[in-house]
There are 2 protein chains.
Amino acid sequence: MPEPMPDVDALDHRILGLLREDGRRTFSEMAAEIGLSVAAVKRRVDRLRETGVITGFTVQIDHAKLGWGIEAFTELRYQGTTPVDRIMRTATEIPEVQAVFTIAGDPDALIRIRARDLGHLQKIIDRLRRAGDVTGTKTLMVLASWTR
Amino acid sequence: MPEPMPDVDALDHRILGLLREDGRRTFSEMAAEIGLSVAAVKRRVDRLRETGVITGFTVQIDHAKLGWGIEAFTELRYQGTTPVDRIMRTATEIPEVQAVFTIAGDPDALIRIRARDLGHLQKIIDRLRRAGDVTGTKTLMVLASWTR
DNA sequence: ATTGAAACTCGTGATCT
DNA sequence: AGATCACGAGTTTCAAT
């Protein structure tokens, strides 16, 4: 079942672009920017939330400044019998796991990890390796990153 | 030179937690939640921005609903002589590249890609392979994902 | 769907403890 | 640091188009 695809016009895309740059932009600011009334902008944002295009708003944090300077991706290989939802759950229980991506092919999953230091990272990887039906891991340490 | 680490106390962490859940939460709402005055919450958020802990606010989007249903990670290998900033730039020029992570060891970089369909993904990967000093790629197709 | 106006809520800066 | 006050700015709803 493919996802329903709501109509999103050029104005909606401009609003989304503005909110990507600054998710706390005011409706008035956006209204002035794109030449619509405040109420119209609000209605569009409300509709984008209702249709699920906008799933939420969040704050962007420099984790290094909070003492979480280590970032890594770990590829996980599982036993052939392991169901996908089990793979998803493995990492959910480890708070340092930021995201889990199940993968078509090899490896079976890619997870994004944040740690305070290398010792901490090691402990997390050990815990993953001990967990259930993981047959192998390969960890990619992030040196630097850039996000659009 | 390690990053300067500003003092962030338990109250700041609670504020960050609230803003992670909903980046558009009002100061009054947060103030009521954690038992502080509105102005106090505002000053803390302002300070978190000034010290660089908060780098911004953004909207979270369901890209599949916008017709960008394909997500993939591609590992890139470069010639040994390629400088890191060149690696960073490779992908910057391709709009479908969402993020670039330079990696310690093998591969040299991991990039996150979004595409409309498999044909589109193929074109992006072809373009990466043709670009400059890339010696090899391995693409991991995302089946499903979960983010904390 | 968009607008404009009214009523309400919020953000912001000054001032004081 | 945090609280309180005051005012300008932003939000939300609704009738009208």
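In what follows, chains carry the letters A, B, and so on, assigned in the order in which the sequence lines appear, proteins first and then strands, with residues in each chain numbered from 1.
Looking at every heavy atom in both residues, B:Leu128 comes nearest to B:Val134 through O-CG2, 3.5 Å.
Within residues 33-57 of chain A, the residues approaching DNA chain C are A:Leu36, A:Ser37, A:Ala39, A:Ala40, A:Arg43, A:Arg44, by heavy-atom distance under 4.0 Å.
For A:Glu96 and A:Arg114, the salt-bridge test fails: no basic side-chain N is under 4.0 Å from an acidic carboxylate O. The pair A:Asp108-A:Arg77 does not count as a salt bridge, with every side-chain nitrogen at least 4.0 angstrom from each carboxylate oxygen.
Looking at which nucleotide of DNA chain D each of B:Arg24 and B:Leu11 is closest to, the 5′-most match is held by B:Leu11.
To the nearest angstrom, C1' of C:dC10 lies 15 Å from CD of A:Glu29. Rounding to whole angstrom units, CZ of residue B:Phe27 and C1' of D:dG2 are separated by 16 Å. The interatomic distance linking B:Met30 (CE) with C:dT12 (C1') rounds to 14 Å, in whole Å. Atom CG in A:Asp12 sits about 14 Å away from atom C1' in C:dT2, given to the nearest Å.
Side chains of B:Thr139 and B:Thr74: a donor on one and an acceptor on the other come within 3.5 Å.
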Quiz: residues 14-23 of chain B side-chain donor-acceptor pairs under 3.5 angstrom, not counting sequence neighbours:
{"residue": "B:Glu21", "atom": "OE1", "partner": "B:Arg25", "partner atom": "NH2", "Å": "3.3"}
{"residue": "B:Asp22", "atom": "OD1", "partner": "B:Arg24", "partner atom": "N", "Å": "2.9"}

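With a 6.0 Å radius and a threshold of 12 heavy atoms from other residues, nucleotides or ligands, B:Asp7 has its CG atom at or below the threshold.
Phosphate proximity of C:dT9 to B:Ser28: absent, as no side-chain N or O sits under 4.0 Å from OP1 or OP2.
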